[in-house]
Amino acid sequence: MSAGELLQSLGALRLEALAEAQRAASPEALGALRIRVLGRKGELTGVLRGLKDLDPADRTAVGQAANRLKDDLEALLGTRQAELEDAAEAGARGLDVSLPGRRPWVGRRHVLNAVEDELLDIFHGLGFTAGDGPEVEDDFHNFTALNLPPGHPAREAHDTYYVSDSLVLRTHTSPCWIRAMEQGPPPLRMVFPGRVYRAEAVDASHMDQFHQIDGIYVEADRPVTLADLKSTLVEAARRIIGSKVKTRFRPGYFPFTEPSAELDVSCIRCGGQGTVQGGERCAVCRGSGWLEILGAGMIHPAVFKSVGYDPDRVTGFAFGCGLDRIAMLRYDIPDIRLLLENDLRFLEQFS
Amino acid sequence: MKYPLSWIREWVDVVADAEDIARRLTMRGYPVDAIVRTGHDYPNVVVGHVLEVARHPDADKLSLCKVDGGTGTILSVVCGAPNVRAGMKVPLALVGAELPGGLKIKRSKIRGETSEGMLCSARELELGGDHSGILALKDDAPVGRPVREVFGEPDVLFEIEVPYNRPDLLCISGLARELAAAYDLPVLAAPGARFGGRVLTGGTFPVTVEDPAGCARYLAQVVRGITIAPSPAWLAERLERAGMRPINNVVDVTNYVMLEMGQPLHAFDLDTLEGPAIVVRRARAGELLTTLDGRERKLTTEHLVIADKGRATGLAGTMGAEFVEVTASTTSLLLESAWFDPVRVQRMVSDHGLMSEAARRFGRGVDPGLAPAAMARALGLFAELAGGRLDGAATEVSARASVPLELELRPARATRLLGAKIGRDRMAKDLAAAGFGVTDPAAGDAAGDLPLVITVPTRRRDVTTETDLVEEVGRAFGYDRLPDVPLTTGGSVGTRPDDRRLRDRAREALVGLGFTECLTASLDDPARLATTWPLSHDGEPRLVTIKNPAGPETSALRSDLVSGLARVAAHNLRHGAPGLRLFEIGRVFQPRATGELPEEPVQLCALLAGNRFGEAWDAGQAAVDFFESKGLWEALFARLGVDTLEWAPYAGRGWKSGEASDLRAKVHVAYAGRLGPRLARELDLEIPVYLLVADLAAIGRARRETRRFAGYTRLPGIKRDLAFFLPSSVPHARVEALLLARGAPLLAQVQLFDVYEGKGVPKGQKSLAYSLTFQAPGRTLAEAEIEAVQQSIVSALAAEIGAVLRDR
């Protein structure tokens with residue numbers, strides 16, 4: 001065949017193959033077309049068999065035309081293949097994606113421990129290191145060393161559980177100060193979170209086991225003042241409750257501190273108004289607009305003496321607050337018993 | 001205590017409104033819990049005069065009264081009060097009146113008799129809680145006038161919880177002194193002065209104090225010719241507003257003086273005293289006394305009694321016996337005004353579980369200087385309200401005179417503790433205003449550094465050191481005025497100790513594995529703890545028990561966390577939870593020798609039950625099994641860096657036989673497995689429950705900190721799968737250990753991928769299939785090398801455990 005005839009055959013094959021590719025309705029048909037035209041024994045090969053008889057110049061021209069046909073057909077076959085696959089995919093019945101996932105169990109920290117962690121972080125930021133002490137305490141650490149000698153009237157208020165004549169379930173986390181001070185000399189800047197016990201009748205606002213965090217800051221030969229205490233507690237309250245909180249620092253009474261103080265914060269429910277919408281008395285602060293959250297004071301000289309510190313050289317402050325109360329206030333938990341009941345419908349609300 | 005403002009104003013002329021007073025008191029350290037307004041207008045309630053009282057024909061407990069209400073007609077009123085009598089002046093609610101509680105008075109028939117009004121009790125008028133009878137008004141109350149004129153102005157009550165160290169504030173005059181200091185006002189002379197004010201001593205009534213430490217002062221005065229009667233309305237009302245029930249004029253006067261001045265008094269019916277004489281002595285061991293509340297008390301020598309010639313008549317300063325109490329027929333009194341030791345009174349309060357208004361005050365400490373003035377005040381009120389005349393002077397027995405304490409206050413010390421600059425003159429002035437005696441040896445010299453000399457009033461038993469005075473100075477200065485100072489950490493870095501960090505990491509890991517943290521009670525039932533004891537302990541249960549528990553079910557400290565967590569599991573399953581992943585990390589308690597603090601190791605307990613997935617509708621609904629739990633525990637230990645645990649079979653009590661393991665890293669670290677069915681039933685757990693019970697300290701010892709990166713080879717390993725028949729009794733761990741030992745050093749990894757027993761496997765045998773990965777650092781292994789190792793493995797397994805290689 002002449003070069004002209006070959007080019008003509010190629011042109012016809014090109015038209016027919018491209019049209020066939022456009023028409024093909026399935027990937028299988030595309031595959032068959034590819035084999036028929038481009039396969040080793042396919043029609044293109046057949047046409048090119050005449051190539052060897054041509055002049056070199058003609059051979060180039062025909063070869064180029066053949067290559068174009070091959071490239072264009074391959075490209076069209078690829079495009080059509082994708083189109084057909086997409087069409088097939090689009091028609092397939094999909095999953096009901098609204099069905100629930102196979103969800104693993106989601107774990108959570110207990111709300112009280114979450115609050116404890118948060119308070120620890122706040123106090124770490126203020127330079128306080130965490131410590132602890134035993135929950136079964138001896139009389140000396142729980143009472144006597146804290147300026148509550150036998151017969152002190154305030155002991156009565158502690159409603160103590162006794163393990164023996166000399167051992168009690170600690171009624172507060174304050175004995176931890178004594179143990180920390182016994183360990184070594186000032187300076188000390190520590191916080192002590194933990195569980196405490198009081199032999200109280202259990203109701204919505206009282207448990208016979210609950211949680212406190214105490215803190216101390218003690219220095220020798222460098223005065224720690226009531227003003228330092230106030231500034232520290234106000235800062236802590238801001239970080240715990242929020243920067244807009246109003247605070248009230250006023251005298252209080254604790255046997256183990258002198259002077260003693262209490263920190264009140266503006267009620268987190270009514271914002272310190274004392275009333276909620278409709279003019280009703282706020283149930284959280286009972287209308288006062290204030291909540292007592294922290295007891296504090298300058299550590300009593302008798303406490304320093306009980307651990308062998310020189311009260312003329314050593315000064316320090318201490319504070320303590322109820323973790324359960326903070327959690328209840330913050331999350332509007334109406335009943336303290338919920339905290340140790342561990343109903344999942346309760347626990348799962350805190351993420 | 002409740003403080004009526006009208007009463008306070010008899011002691012200090014404070015004109016501020018109630019809110020301002022409450023604010024000042026709060027800022028001085030006496031938080032006002034509530035401000036209560038009392039008194040009403042009482043429209044159509046008038047003073048009635050009871051003219052006649054007759055029995056209701058149809059009802060024993062009702063009376064028919066003729067009452068003059070000043071309306072021009074005599075009204076018929078049916079009354080149910082036991083104390084109604086002719087001649088009484090009473091509050092009469094006329095038809096049309098509306099009482100404070102909302103009750104509207106109408107003309108009515110009561111059991112057939114017409115009632116044209118109602119006689120009112122104190123409670124019905126909201127004047128107090130007394131509902132035992134109608135309120136008796138003063139005999140000179142003007143008939144027909146509105147009762148509000150008799151009651152005087154509506155009042156304001158401050159409810160204050162007085163700090164323990166301030167018993168001096170447990171009375172009207174004490175609070176008035178604080179207000180005087182707060183408002184810079186003088187304290188008015190006690191109204192007692194109006195009644196003569198002083199008590200003459202040197203009387204002859206025989207008083208013996210055998211225990212001067214327990215009773216440092218005893219005053220006794222005989223009064224004769226007393227007429228017992230109800231108290232006048234003004235007195236009854238004050239008592240009720242302050243929270244006490246009126247009884248009769250004599251008892252009410254003693255209570256009135258106690259509320260006003262803080263000194264408890266006691267009036268004996270003189271004719272009931274044997275002797276008559278008073279002996280203050282320790283009780284004899286086993287002595288019996290029936291107190292006013294009707295309870296018989298067995299006494300010890302720790303108790304202080306007031307006795308007459310022969311018998312105890314009361315617990316000193318706490319509660320008397322009924323047989324010496326003043327009754328309607330009493331005509332002669334012995335009035336006691338004394339000082340009792342707080343420790344002794346507290347001892348009686350706690351031994352006998354009884355609290356009285358007197359004991360509350362004596363137990364915290366009464367001003368030892370107060371006894372004569374209070375007695376004088378009471379005698380004056382007796383004269384006014386009960387008639388009677390003093391029989392001679394009072395007898396006084398005093399162990400020691402109460403000498404006021406003298407302290408030094410270094411102004412620099414006060415400044416150093418408070419962190420505020422307060423001038424020494426200011427300190428002196430404030431202390432004087434609070435009733436302290438102040439001498440300034442450097443007066444006029446502002447820079448003087450001599451200490452101030454302070455005389456402490458005897459009522460201020462709380463002030464015993466210089467630091468107490470510093471607080472007093474700070475209180476007067478105002479804590480709200482202390483300066484804000486910049487916070488520094490002084491170079492201190494806040495951290496958590498290692499054990500707490502480990503606890504935090506374990507908690508984080510478990511939460512990440514889908515476990516919810518619980519906090520359970522530490523006080524538990526010893527019987528229940530005994531059932532869970534064997535799960536994590538050897539031997540018989542040894543518990544730390546409480547001597548005074550609230551009940552048997554909370555009488556021991558927990559010895560494990562299983563009991564509490566099982567309770568939580570049962571509770572939540574009962575409420576429909578489809579599955580549970582719970583944990584707690586907390587202290588458990590084990591006794592040591594008597595008198596020693598118990599051990600308080602931290603236990604970690606995790607519990608798994610029910611569905612594998614939190615939410616699922618297909619295959620995910622499958623229940624967990626042993627290997628699910630084991631996988632989770634292994635993941636936990638991997639997170640904690642414990643990678644050398646051996647899982648030895650464990651046959652301890654409480655665990656399901658054959659499904660429990662002792663986890664050891666040389667020493668015991670934890671137990672894990674399925675709770676035994678019988679114990680599970682006892683714990684109300686109906687579905688399989690898997691537990692991990694670990695000792696946190698042991699985990700800490702077993703964990704390995706990553707010290708250094710060990711590298712790994714990038715060349716691909718060569719895998720060979722081998723399956724063996726071997727006796728069913730041989731555990732996988734033994735096979736794995738043999739494979740690793742014989743395959744070393746080229747065998748890098750062994751992975752079990754199939755366990756099969758049954759068809760095609762000889763009886764008594766099982767098939768285990770392992771995928772082995774061979775690897776050598778830095779080079780590619782030759783086929784022949786692997787073949788050689790494999791041969792050695794196969795023959796070793798055959799020789800040591802009778803394993804037969806299955807056909808490939």
Side-chain angles (χ1 to χ4, degrees), chain A residues 99-100 102-110 112-113 120 123-131 134-136 138 151 153-154 156-157 161-164 166-167 187 189 195 199 208-209 223 225-228 230-232 235 249-253 258-259 261 298 301 315 339-340 342-344 347, chain B residues 26-29 163-165 342-343 346 363-364 416-420 467-468 470-471 474-475 479-480 482-485 487 489 492 494-497 500 510-511 513-523 544 546-548 550 568 572 577 581 587 595 597-598 600 613-617 620:
Chain A
L99 284 171
R102 226 166 276 139
R103 187 191 305 166
W105 293 94
V106 177
R108 290 178 171 84
R109 279 183 304 174
H110 191 282
L112 268 179
N113 279 339
L120 281 182
F123 285 113
H124 290 336
L126 296 170
F128 290 79
T129 285
E135 288 178 26
V136 180
D138 54 43
E156 289 291 318
Y161 278 129
Y162 288 89
V163 168
S164 68
S166 58
L167 298 183
R189 217 186 259 258
R195 181 171 285 188
D208 60 356
Q209 39 206 308
T225 70
L226 192 65
D228 290 326
K230 176 185 175 183
S231 300
T232 302
E235 180 60 26
F249 191 64
R250 59 178 170 82
Y253 167 66
E258 186 80 33
M298 306 305 296
T315 49
L339 293 172
L340 295 192
N342 300 293
D343 191 305
L344 287 170
L347 297 176
Chain B
T26 300
M27 288 312 292
R28 286 180 80 86
Y164 272 97
N165 64 332
V343 174
Q346 277 167 44
R364 294 208 217 161
R416 190 172 115 106
L417 265 180
L418 296 171
T467 320
D468 299 321
V470 172
E471 176 171 274
R475 191 198 300 281
Y479 282 20
D480 48 342
L482 292 172
D484 290 319
V485 295
L487 294 182
T489 62
S492 162
T495 58
R496 302 179 188 206
R500 182 172 279 273
L510 281 161
V511 166
L513 291 168
F515 286 80
T516 292
E517 187 180 31
C518 301
L519 276 179
T520 66
S522 324
L523 292 170
V544 179
I546 308 301
K547 281 175 71 184
N548 57 331
V568 174
N572 283 295
R581 289 187 183 200
R587 296 189 193 189
L597 296 180
E600 300 186 12
F613 285 88
E615 188 172 303
W617 44 275

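Proteins come first, then strands; the chains are lettered A, B, ... in the order of their sequence lines, and each starts at number 1.
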Item to check | Euclidean distance, A:M298 CE relative to B:T467 OG1, rounded to 0.5 Å | outcome: 10.0 Å
Checklist entry - Between atom SG of B:C518 and atom CZ of A:R108, what is the distance when rounded to the nearest 0.5 Å? => result 12.5 Å
Using non-hydrogen atoms and a 4.5 Å limit, figure out which bit of [X] sits close to chain B: side chain, backbone, both or neither.
{"X": "A:Q209", "answer": "side chain"}
{"X": "A:V136", "answer": "both"}
{"X": "A:L339", "answer": "backbone"}
{"X": "A:L167", "answer": "side chain"}
{"X": "A:F128", "answer": "backbone"}
{"X": "A:L126", "answer": "both"}
{"X": "A:P223", "answer": "both"}

Against chain A, label [X] side chain, backbone, both or neither, depending on which of its atoms sit under 4.5 Å from a heavy atom there.
{"X": "B:P483", "result": "both"}
{"X": "B:N548", "result": "both"}
{"X": "B:V544", "result": "side chain"}
{"X": "B:R500", "result": "side chain"}
{"X": "B:L487", "result": "side chain"}
{"X": "B:A577", "result": "side chain"}

Checklist outcome for this item: Counting heavy-atom pairs under 4.5 angstrom with chain B, the leader among A:P251, A:G107, A:G127, A:P134 is A:P251
Checklist entry - Which one of A:S166, A:P100, A:P187 has the most heavy-atom pairs closer than 4.5 Å to chain B? => result A:P100
What residue in [options] has the most heavy-atom pairs under 4.5 Å with chain A?
{"options": "B:T495, B:V511, B:T516", "value": "B:T495"}
{"options": "B:V568, B:D484, B:L597", "value": "B:L597"}
{"options": "B:G474, B:S522, B:G595", "value": "B:S522"}
{"options": "B:A550, B:P598, B:A521", "value": "B:A521"}

Checklist entry - Which pair of heavy atoms, one from B:V470 and one from A:P259, lies closest together, and at what distance? => result CG1-CG, 4.2 Å
Next on the checklist: Quick check: closest heavy atoms across A:K230 and B:L482, and the distance to 0.1 Å?
Outcome noted: NZ-O, 2.9 Å
Item to check | Whether over 12 other heavy atoms sit under 6.0 Å from B:R416 CZ | outcome: yes
